[in-house]
Undergrad: 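Got a structure for you, written out below as structure tokens; questions coming shortly.
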Amino acid sequence: MLPILLDLRDKQILVVGGGKVATRKILRLSQENGTITVIAPDSSQTIAELIPAKQIHRRPYQIGDVTGFDMIFICTSDHSANHQIISEIQPYQLFNDTTDHQNSDFYSMAELTSDDVTIALSSKGVNPSKIKQLKEKLVAYLHEKN
């Protein structure tokens, strides 16, 4: 895996799912300038507040839904739908299967940002709770030093 920062400006991003994991992803993605579309029978209030209604499709995933997207986040507990999504993804599309990181092209990294510096942390999808603890320690350390 190669750690990089992606410019999401003008990118088409699909999030399949509307629960806690999807909400967490969308909270971060909404800070960038990509266009986010959500497909989920139900979604959180936070998603409804962040994403324009015309970009929320309140239904299950359907064959062909990945067409036209640059980046896809799979955030459902429906294993059948997840496998269908993966089978349709094209080589030019980046995807993150939040339910099974071994299926993913990339992992989201924890990040700390201060002024013009960004520090990114990753366990390569193996131990997110360890990264969360490390991030909290780094934040406390940086606040202590300032």
Side-chain angles (χ1 to χ4, degrees), residues 1-90 92-114 117-143:
M1 291 289 191
L2 175 70
I4 60 174
L5 294 172
L6 293 174
D7 181 356
L8 299 181
R9 186 181 15 206
D10 302 323
K11 299 294 187 231
Q12 297 297 315
I13 302 162
L14 174 63
V15 177
V16 182
K20 290 179 185 178
V21 174
T23 300
R24 191 170 64 245
K25 297 293 179 191
I26 289 168
L27 278 166
R28 178 61 186 97
L29 289 167
S30 67
Q31 296 172 21
E32 304 303 324
N33 291 318
T35 301
I36 302 167
T37 298
V38 177
I39 296 175
D42 298 304
S43 61
S44 70
Q45 182 63 34
T46 301
I47 290 173
E49 292 169 2
L50 291 172
I51 306 299
K54 68 180 181 177
Q55 290 166 220
I56 300 175
H57 303 279
R58 297 189 185 281
R59 59 171 173 75
Y61 178 83
Q62 297 173 358
I63 293 173
D65 280 343
V66 298
T67 302
F69 290 95
D70 301 301
M71 180 178 278
I72 298 142
F73 288 86
I74 303 169
C75 305
T76 79
S77 57
D78 182 338
H79 298 294
S80 175
N82 296 349
H83 289 294
Q84 180 64 45
I85 295 164
I86 292 167
S87 75
E88 294 181 37
I89 291 174
Q90 298 299 307
Y92 64 86
Q93 295 175 304
L94 294 173
F95 76 98
N96 178 247
D97 180 352
T98 64
T99 66
D100 187 350
H101 291 293
Q102 294 179 23
N103 291 334
S104 301
D105 285 337
F106 68 95
Y107 311 118
S108 298
M109 298 173 71
E111 58 187 281
L112 296 140
T113 302
S114 175
V117 174
T118 297
I119 300 170
L121 308 166
S122 174
S123 67
K124 298 181 183 177
V126 176
N127 194 344
S129 61
K130 181 178 181 180
I131 295 303
K132 183 178 180 181
Q133 292 171 353
L134 179 57
K135 179 181 174 180
E136 290 169 357
K137 288 179 182 179
L138 284 170
V139 166
Y141 174 79
L142 291 172
H143 284 171

Undergrad: To the nearest 0.5 angstrom, please state how far the CD1 atom of I36 sits from the OG atom of S30.
TA: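 Output value for this atom pair is 5.5 Å.
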Undergrad: Please say whether more than 12 non-hydrogen atoms of neighbouring residues, nucleotides or ligands are located less than 6.0 Å from CD1 in I4.
TA: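 Yes, the 6.0 Å shell around CD1 holds more than 12 heavy atoms from other groups.
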Undergrad: Measuring from S44:OG to R24:CZ, what's the distance to the nearest 0.5 Å?
TA: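 Nearest 0.5 Å value for the OG-CZ distance: 12.0 Å.
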Undergrad: Can you tell me how far the CD1 atom of I26 sits from the CD1 atom of I47, to the nearest 0.5 Å?
TA: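 Taking CD1 in I26 and CD1 in I47, the distance rounds to 4.0 Å.
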Undergrad: Once rounded to the nearest 0.5 Å, what's the spacing between atom CD1 of I74 and atom CD of Q84?
TA: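 The CD1 atom of I74 sits 10.5 Å away from the CD atom of Q84.
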Undergrad: Would you indicate whether the side-chain heavy atoms of D105 and N96 approach each other to under 4.5 Å?
TA: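 Not touching, per the 4.5 Å side-chain cut-off.
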Undergrad: Quick one: which of T99, N82, D97, T98 gives a side-chain hydrogen bond (donor to acceptor under 3.5 Å, both in side chains) with T76?
TA: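 Among T99, N82, D97, T98, the one that satisfies the side-chain hydrogen bond (donor to acceptor under 3.5 Å, both in side chains) with T76 is N82.
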Undergrad: Which atom names give the shortest non-hydrogen contact between G68 and Q12, and what distance separates them?
TA: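 Nearest heavy atoms, G68 then Q12: O-CB, 3.6 Å.
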Undergrad: Are V15 and C75 close enough, and set up right, to give a side chain to side chain contact (heavy atoms under 4.5 Å, CB included), and what steps lead you there?
TA: CA-CA 7 Å; V15 177; C75 305; 4.1 Å; yes
Undergrad: Ignoring hydrogens and angles, state whether a donor on the side chain of Y141 or E136 is under 3.5 Å from an acceptor on the partner side chain.
TA: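 Side-chain D/A pair, Y141 to E136: absent.
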Undergrad: Measuring only between side-chain heavy atoms, which start at C-beta, is P41 closer than 4.5 Å to R58?
TA: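 Contact flag for P41/R58 side chains = no.
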Undergrad: Just wondering, do L94 and L6 contact through their side chains at under 4.5 Å, heavy atoms?
TA: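 They are in side-chain contact.
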Undergrad: Could you walk me through whether T37 and H57 pass the side chain to side chain contact (heavy atoms under 4.5 Å, CB included) test, one step at a time?
TA: CA-CA 8 Å; T37 298; H57 303 279; 3.5 Å; yes
Undergrad: Using 0.5 Å steps for rounding, measure from the CG atom of L50 to the OG atom of S43.
TA: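 Interatomic distance, L50 CG to S43 OG, rounded to 0.5 Å: 10.5 Å.
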Undergrad: For side chain to side chain contact (heavy atoms under 4.5 Å, CB included), just list the numbers for T35 and K11, CA-CA rounded to whole Å, side-chain angles, deciding distance to a tenth of an Å, and then say yes or no.
TA: CA-CA 6 Å; T35 301; K11 299 294 187 231; over 6 Å; no
Undergrad: Give me each pair satisfying side-chain hydrogen bond (donor to acceptor under 3.5 Å, both in side chains) with a member in residues 62-73, each pair once, sequence neighbours excluded.
TA: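 Found R59-D65.
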Undergrad: Taking the side chain as C-beta and beyond, is there a heavy-atom pair between L8 and I13 under 4.5 Å?
TA: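 The answer is yes, as the side chains (C-beta and beyond) meet within the 4.5 Å cut-off.
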Undergrad: Kindly give the heavy-atom pair with the smallest separation between K135 and A110, and that separation in Å.
TA: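 Of all heavy-atom pairs spanning K135 and A110, the closest is CD-CB, 4.2 Å.
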Undergrad: Mind running side-chain hydrogen bond (donor to acceptor under 3.5 Å, both in side chains) on T46 and T23 for me, showing each step along the way?
TA: CA-CA 7 Å; T46 301; T23 300; 5.7 Å; no
Undergrad: Would you say the rings of F69 and Y92 are close, in the sense that their centroids are separated by under 6.0 Å?
TA: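 Judged by ring-centre distance (under 6.0 Å), Y92 and F69 do not meet the cut-off.
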Undergrad: Decide yes or no on salt bridge (Lys or Arg N to Asp or Glu O under 4.0 Å) for R28 and E111, but give the supporting numbers first.
TA: CA-CA 10 Å; R28 178 61 186 97; E111 58 187 281; 2.9 Å; yes
Undergrad: Distance check, rounded to the nearest 0.5 Å: E32 atom CD versus D7 atom CG?
TA: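 If we round to the nearest 0.5 Å, E32:CD and D7:CG are 8.0 Å apart.
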Undergrad: Are S123 and Y107 packed together at the side-chain level, in the sense that at least one heavy-atom pair is separated by less than 4.5 angstrom?
TA: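 No, every pair of side-chain atoms sits at 4.5 Å or beyond.
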Undergrad: Side-chain contact test, heavy atoms from C-beta onward, threshold under 4.5 Å: evaluate it for N33 versus D10 and give yes or no.
TA: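 With C-beta onward as the side chain, the pair stays apart.
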Undergrad: Within the structure provided, determine whether V66 and Q93 are in side-chain contact (heavy-atom separation under 4.5 Å).
TA: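 When only atoms from C-beta onward are counted, Q93 and V66 do touch, with a gap below 4.5 Å.
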Undergrad: Under 4.5 Å between any side-chain heavy atoms of I39 and L14, yes or no?
TA: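 Answer yes - side chains close enough.
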